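Below is one structure, written out as structure tokens, with a few remarks after it.
This chain uses plain numbering: 1 for the first residue, then up along the sequence. Note that these values count all heavy atoms, side chains included, but never hydrogens, waters or copies made by symmetry. All values derive from a computational prediction rather than experimental measurement.
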Amino acid sequence: MKNVHSIDPAVTKMLEIARKQGMETAWDRYLAQKPQCGFGELGICCRNCNMGPCRIDPFGEGPQKGVCGATADTIVARNLLRMIAAGASAHSDHGRDVVETLRGVGTGEAKDYTIKDEKKLMTLCKEFNITTEDKSIHEIAQELGEAALEEFGTQKGYIQTIERVPLQRKEIWKNLGIIPRGIDREIVESLHRTHMGVDHDPASLILHGLRCSLSDGWGGSMLATEFSDVLFGTPRPIRGQCNLGVIREDAVNIVVHGHEPVLSEMLVEAVQDPELEALAKKNGASGINLVGMCCTGNEILMRHGIPSAGNFLHQELAVMTGAIEAMVVDVQCIMPSLAQLASCYHTKFISTSPKAKFPGALHIQFEEHHALDVAREIVRQAIENYPHRNKSRVFIPKETAEYVGGFSVEAILEALGGTWTPLIEAIKSKKIRGIAALVGCNNPKVTHDYNHVNMTKALIAQDVLVVETGCAAIASAKAGLLLPETAQLAGSGLASVCRTLGIPPVLHMGSCVDISRILVMAAAIAKELGVDIADLPIAGAAPEWMSEKAVSIGAYVVASGIFTVLGTVPPVLGSKTVTEILTQKAKYLVGGYFAVEPDPFKAAELIINHIDEKRAALGI
Ligand code: BF8
Ligand code: SF4
């Protein structure tokens, strides 16, 4: 699909507003960047030392080596490893903040947080070999928090959550030497290996990339998910509204955008404060309307049914409605353009993380030891900004869609009646042909939401149960695909399972760190069947990915044995060797491998063929 920015009518309307008001968006800046640097696209430029920058001539006429002698293979593999390390560090640092909050609950420092899922707390204690008898809940939380913090720098040789992996998989990792030894360690070693003059062998660099990514998927991200569940509750199915139409003309609108639920959960609490509610009314508003965006939006959507104003490419458009009193952000996927854009409206752009500052933003630092006070101050600032809204500039597109989110592994198990057997039976009888995980971002290189929505539809039509996270899940929510009624778009087998269980054919499993939920589910099904994850009729896809986190995700999904289709081209094609390892050799090494397919219908076919192959091998 060419020359169309988005399939979402709300986006099309807002882009018209942007044009009329002379506002610039990511789509404009993308066009201004074209043609994008060919060396960068192929991954063959290196700035890792000051003898460079160096680049390799892709046509074979110019230089084929950097000043140090590094070849295209080395440069591409090094760049890829750095992307993985950056992605893994983002997820894992998020995980660390959540774990620290739990420890803070234990010590009493994080006094505004509580423990919402004691059962999960106890289960995790068992996993981390922590005894709980005769200990208070606070002592337990502190001890578990400290044990989990150790995982980042553990010296015991491997991270604890690796025990969740089926034995066959662990054996593969052991033989390849890629069991992650500690979360921070793998990231640090990635930077060491890619420093000038260290690791130059593309296979060695990629193997370490897999190890580093595993410390994210089975480590940092998994801790983020599990500890968020302990603190904020394990999600259960919940209904809500989605898209820019959730912004209200008569209310104080606060958008919370970014990733860490440690902030968004406190805002959820603060907006319920009767005093602030009264202040909003005093300032002429009907109330306070908190809406989410991107993954932090997913976190509060999953647990509270808070409306989501949209996915990654909606962030600028939300400000352009002219009805946002505060855009509150923490970390990751926040466009720095928001600062200047907000200054063209009355919107306060409020940064909160000591790690993420933006020139032009109002910085109100979020501190976990007085979290609720900070959240209240942010809400107060938003309320007091309401009278500054220029009503003549307000345009809110009407589009909203209903969704059902909240499918944690626990919720799926409950829907199945407490065991995996009904799901496994449905797979065996081919009512469910297989499972596909669609995850990842938006990217102005491709028509917004087009790949997500069309791939999802194509897969469910062929009886593939789709599980989603991140901006992919929001795309489906906006398209109305996250509803039990969507069963009518599914093949007859999948539709019958959905009707029996009362679930949608597309399950929203959370934010991007919650891809760890998908791993846990895959591991559980594999263990139940007595096979490796790589033997299951499952696949992954990132149809519109853009972030380095997505690179880490792709790597750990593949390393976990799962075939993965990418919808935008990764910067690796400058090396035949690296491309071959990722798309072919990986299959023999770890079971999973990558394919690149920008067409969502063809990508769905690749997944279905893969699922059928796996079914045949299992004899089902
Ligand atoms: O972690 S899907 S654009 S919001 S990176 Fe970002 Fe991509 Fe959205 Fe969440 Ni994930
Ligand atoms: Fe060039 Fe080698 Fe330095 Fe990279 S590490 S910039 S290829 S000299």
Side-chain angles (χ1 to χ4, degrees), residues 1-2 4 7 426-443 445-469 472-473 475-476 479 481 486-495 497-498 504-507 518 522 533-545 550 553-554 557-558 560-570 572-573 579-580 582-584 586-588 591-620:
M1 194 156 171
K2 292 250 150 52
V4 180
I7 59 163
I427 293 174
K428 282 187 178 162
S429 68
K430 218 181 171 186
K431 279 187 178 163
I432 293 179
R433 195 165 181 170
I435 303 174
L438 261 64
V439 306
C441 328
N442 298 134
N443 185 330
K445 286 181 175 173
V446 298
T447 300
H448 172 239
D449 288 353
Y450 174 80
N451 285 10
H452 288 312
V453 170
N454 285 299
M455 213 171 149
T456 302
K457 282 186 182 166
L459 287 165
I460 61 170
Q462 303 236 37
D463 294 313
V464 176
L465 174 70
V466 176
V467 292
E468 297 190 335
T469 61
S476 283
L481 297 175
T486 311
Q488 55 190 335
L489 300 181
S492 57
L494 176 60
V497 175
C498 291
V506 188
L507 303 179
I518 302 175
I533 296 174
D535 299 323
L536 298 175
I538 61 175
E544 301 179 24
W545 75 275
I553 292 165
V557 170
V558 161
S560 299
I562 303 169
F563 169 61
T564 299
V565 187
L566 304 175
T568 63
V569 187
V572 300
L573 298 186
T579 307
E580 246 173 49
L582 298 174
T583 58
Q584 294 168 35
K587 187 175 182 175
Y588 305 100
Y593 61 104
F594 285 102
V596 178
E597 179 48 72
D599 180 304
F601 301 100
K602 289 187 190 154
E605 278 314 309
L606 288 179
I607 285 185
I608 286 160
N609 291 342
H610 173 78
I611 283 174
D612 287 350
E613 242 175 60
K614 292 292 170 188
R615 293 187 65 92
L618 281 173
I620 54 173

Looking at every heavy atom in both [X] and [Y], which two are closest together, and how far apart are they?
X: A479; Y: V453; answer: CB-CG2, 3.8 Å
X: A458; Y: F601; answer: CB-CD2, 4.4 Å
X: P504; Y: L507; answer: O-CD2, 3.3 Å
X: H452; Y: A475; answer: CB-CB, 3.7 Å
X: A495; Y: A490; answer: N-CB, 4.0 Å
X: A586; Y: V558; answer: CB-CG1, 4.4 Å

Expected output: side-chain [X] to main-chain [Y] donor-acceptor under 3.5 Å:
X: H448; Y: V4; result: no
X: R433; Y: I608; result: no
X: T469; Y: V439; result: no
X: N454; Y: P600; result: no
X: K430; Y: I620; result: no
X: T447; Y: I7; result: no

For K614, is the NZ atom crowded, meaning more than 12 foreign heavy atoms sit under 6.0 Å from it?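 Atom NZ in K614 is crowded, with more than 12 foreign heavy atoms closer than 6.0 Å.
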E544 and N443: side chain donor to acceptor below 3.5 Å: no
Would K445 and V569 count as a side chain to side chain contact (heavy atoms under 4.5 Å, CB included) here? Give the steps. CA-CA 10 Å; K445 286 181 175 173; V569 187; over 6 Å; no
Hey, which of V565, L459, V506 is the one that makes side chain to side chain contact (heavy atoms under 4.5 Å, CB included) with L438?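 Of the listed options, the one satisfying the test is L459.
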Candidates I427, V464, L536, V466 - the one meeting side chain to side chain contact (heavy atoms under 4.5 Å, CB included) with I435: I427
Check the pair I533 / I538 against side chain to side chain contact (heavy atoms under 4.5 Å, CB included), numbers first and verdict last. CA-CA 9 Å; I533 296 174; I538 61 175; 4.1 Å; yes
Between atom [atom1] of [X] and atom [atom2] of [Y], what is the distance when rounded to the nearest 0.5 Å?
X: I611; Y: L606; atom1: CD1; atom2: CG; answer: 11.5 Å
X: E605; Y: M455; atom1: CD; atom2: CE; answer: 10.5 Å
X: K428; Y: R615; atom1: NZ; atom2: CZ; answer: 11.0 Å

Validation row: P598, V446 side chains within 4.5 angstrom (heavy atoms):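 SC-SC contact between P598 and V446 ruled out.
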Should L481 and L489 count as side-chain neighbours, where that means a heavy-atom distance under 4.5 Å?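 Sidechains of L489 and L481: in contact.
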Ring-plane angle category for F563 and Y593, please: parallel below 30°, perpendicular beyond 60°, tilted otherwise. tilted
